Amino acid sequence: MNLLETINKDNLPKHLAIIMDGNGRWAKQKGLLRAFGHENGTKSVRETVETCAKLGIENLTLYAFSTENWNRPKLEVDTLMKLLISSLKNELKTLKDNNIKLNTIGNFEKLPKSAQKELSAVISETNNNTRMTLTLALSYGSREEIVSAIKNISTKVKNNIISIDAIDESIINQHLYTQNLPDVDLLIRTSGEHRISNFLLWQIAYAELYFTDVLWPDFREKDLYEAIISYQKRERRFGKTSEQIK
């Protein structure tokens with residue numbers, strides 16, 4: 001069966017988010033260093049990005065490096081940062097050829113200066129692209145994001161820029177890293193883990209969750225199609241009854 005032919009192009013998630021998990025376990029299973037898992041994971045990133053663009057998905061957000069990941073061994077963190085820089089350099093042409101805009105969310109200032117420079121350059125080069133927005137969550141933690149939003153809003157209330165009575169979901173959305181993105185429709189996590197891991201906690205309030213045992217370096221076009229087909233079979237009620245939806 002051709003899985004692509006079974007996908008309803010009129011019912012695609014407008015915002016797809018992925019927790020790319022399993023690089024280390026993939027490498028360990030093969031008797032390799034964790035770095036090889038991260039390197040092979042970049043192939044899955046490329047295929048996933050190109051497939052999403054081909055399908056017509058407007059927003060793709062990838063959990064690339066969490067605030068908690070800074071606690072990993074220094075060698076692994078350094079490897080990940082070098083891999084980020086080389087990937088940005090290597091994939092710039094692909095992003096431009098596919099009309100994809102690069103975006104980033106997270107604590108940008110914590111990244112090495114070299115990574116900040118490369119990120120800024122690619123973001124600038126792709127700023128006018130319109131086919132799809134690819135967002136990399138780097139040095140990202142949802143709780144940190146929410147705390148930051150609360151502090152910013154509180155400061156504006158204190159300075160009489162915002163009335164406390166005016167605070168609603170819209171105001172909060174405007175102060176999150178994802179202020180220019182819609183809520184997540186589908187969240188995929190690879191490697192068999194069933195956790196959210198501090199990722200987009202506010203933005204996934206009504207997202208459909210999809211967990212697969214496939215380790216991220218093995219995640220391919222077919223696996224993405226299966227996740228989207230599962231999403232399209234679900235009834236999204238947003239608190240309403242089935243009868244109301246129909």
Side-chain angles (χ1 to χ4, degrees), residues 13-21 52 57-72 77 80-81 84 88 100-113 115-124 126-130 132-189 194-210 236-240:
K14 286 185 171 56
H15 187 178
L16 167 64
I18 304 178
I19 300 174
M20 307 179 293
D21 195 18
C52 285
I57 290 173
E58 297 172 9
N59 299 281
L60 171 64
T61 299
L62 303 177
Y63 204 5
F65 192 87
S66 73
T67 50
E68 292 79 14
N69 286 156
W70 290 114
N71 297 319
R72 291 190 173 185
V77 171
L80 283 165
M81 290 300 118
L84 169 64
L88 288 166
I100 297 170
K101 177 180 180 177
L102 183 68
N103 180 40
T104 184
I105 57 174
N107 193 336
F108 187 80
E109 287 73 23
K110 284 194 72 174
L111 297 172
K113 289 290 189 290
Q116 291 183 36
K117 181 180 178 182
E118 199 62 43
L119 260 176
S120 297
V122 177
I123 288 170
S124 177
T126 62
N127 189 50
N128 295 321
N129 293 349
T130 57
M132 184 178 81
T133 297
L134 167 63
T135 300
L136 299 181
L138 291 162
S139 190
Y140 174 87
S142 188
R143 287 184 172 182
E144 183 178 86
E145 175 186 27
I146 293 169
V147 168
S148 175
I150 291 171
K151 286 181 177 178
N152 289 335
I153 293 169
S154 298
T155 300
K156 290 182 179 180
V157 170
K158 182 180 177 182
N159 294 326
N160 296 315
I161 297 171
I162 296 176
S163 162
I164 195 165
D165 295 325
I167 298 173
D168 56 11
E169 289 187 17
S170 175
I171 291 291
I172 293 172
N173 279 325
Q174 290 169 30
H175 290 81
L176 295 173
Y177 298 145
T178 55
Q179 59 187 264
N180 297 317
L181 297 172
D183 283 345
V184 176
D185 295 305
L186 172 61
L187 172 68
I188 298 172
R189 180 166 188 155
H194 293 73
R195 292 188 300 274
I196 304 304
S197 296
N198 198 19
F199 185 49
L200 301 174
L201 300 178
W202 174 274
Q203 298 86 342
I204 63 168
Y206 280 101
E208 297 297 321
L209 308 182
Y210 180 87
R236 305 188 74 203
R237 297 193 296 273
F238 299 97
K240 297 180 180 179

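What you are looking at is a predicted structure, and each value in this text was computed from that prediction instead of being measured.
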Give, for atom [atom1] of [X] and atom [atom2] of [Y], the distance between the pair rounded to the nearest 0.5 Å.
X: Ile123; Y: Asn127; atom1: CD1; atom2: CG; answer: 9.0 Å
X: Gln179; Y: Asn173; atom1: CD; atom2: CG; answer: 9.5 Å
X: Leu102; Y: Met132; atom1: CG; atom2: CE; answer: 10.0 Å

Test item: [X] and [Y] side chains (from C-beta on) under 4.5 Å apart, heavy atoms:
X: Asn69; Y: Asn71; value: no
X: Arg189; Y: His194; value: no
X: Ile150; Y: Ile146; value: yes
X: Thr61; Y: Thr178; value: no
X: Leu187; Y: Phe199; value: yes

*asked:* Could you go through Ile188 and Ile19, starting from their C-alpha distance and side-chain angles, then the distance that decides it, and tell me whether this counts as side chain to side chain contact (heavy atoms under 4.5 Å, CB included)?
replied: CA-CA 6 Å; Ile188 298 172; Ile19 300 174; over 6 Å; no
*What residues, two or more places apart in sequence or in another chain, satisfy ring-ring contact (aromatic ring centres under 6.0 Å, His included) together with Phe65?*
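So Phe65 forms a ring-ring contact (aromatic ring centres under 6.0 Å, His included) with Trp70.
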*Residues which pass ring-ring contact (aromatic ring centres under 6.0 Å, His included) with Trp202, listed by chain and number, not counting sequence neighbours*: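 Scan of Trp202 (ring-ring contact (aromatic ring centres under 6.0 Å, His included), adjacent residues dropped) gives none.
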*If you count the non-hydrogen atoms of other residues, nucleotides and ligands that lie under 6.0 Å from NZ in Lys110, is the total more than 12?*
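For Lys110, atom NZ is crowded (more than 12 foreign heavy atoms under 6.0 Å).
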Restricting to side-chain hydrogen bond (donor to acceptor under 3.5 Å, both in side chains), what partner residues turn up for [X], sequence neighbours left out?
X: Asn152; value: none
X: Ser170; value: Gln174
X: Thr130; value: Asn99
X: Asp183; value: none

[X] side-chain N/O to [Y] backbone N/O, donor-acceptor pair under 3.5 Å:
X: Ser120; Y: Gln116; value: yes
X: Tyr63; Y: Leu136; value: no
X: Thr126; Y: Asn129; value: no
X: Gln203; Y: Val184; value: no
X: Tyr140; Y: Leu200; value: yes
X: Asp185; Y: Lys14; value: yes

Go through the structure and list residues passing side-chain contact (heavy atoms from CB on, under 4.5 Å) with [X], not counting sequence neighbours.
X: Val157; value: Ile153, Ile162, Ile164, Ile167
X: Ala64; value: Met20, Leu138
X: Asn159; value: Thr155, Ile161
X: Thr133; value: Asn59, Lys101, Asn103, Thr135, Leu181

_Donor-acceptor pair between Asn198 and Glu68 side chains, under 3.5 angstrom_ =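 Result is yes, a qualifying pair exists.
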*Partners meeting salt bridge (charged side-chain N to carboxylate O under 4.0 Å, His left out) with Arg143 (sequence neighbours left out)*: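 Not a single residue meets the salt bridge (charged side-chain N to carboxylate O under 4.0 Å, His left out) criterion with Arg143.
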*Considering residues at least two apart in sequence or located in another chain, which fulfil the salt bridge (charged side-chain N to carboxylate O under 4.0 Å, His left out) criterion with Glu208?*
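Checked Glu208 against salt bridge (charged side-chain N to carboxylate O under 4.0 Å, His left out); matches are Arg234, Arg236.
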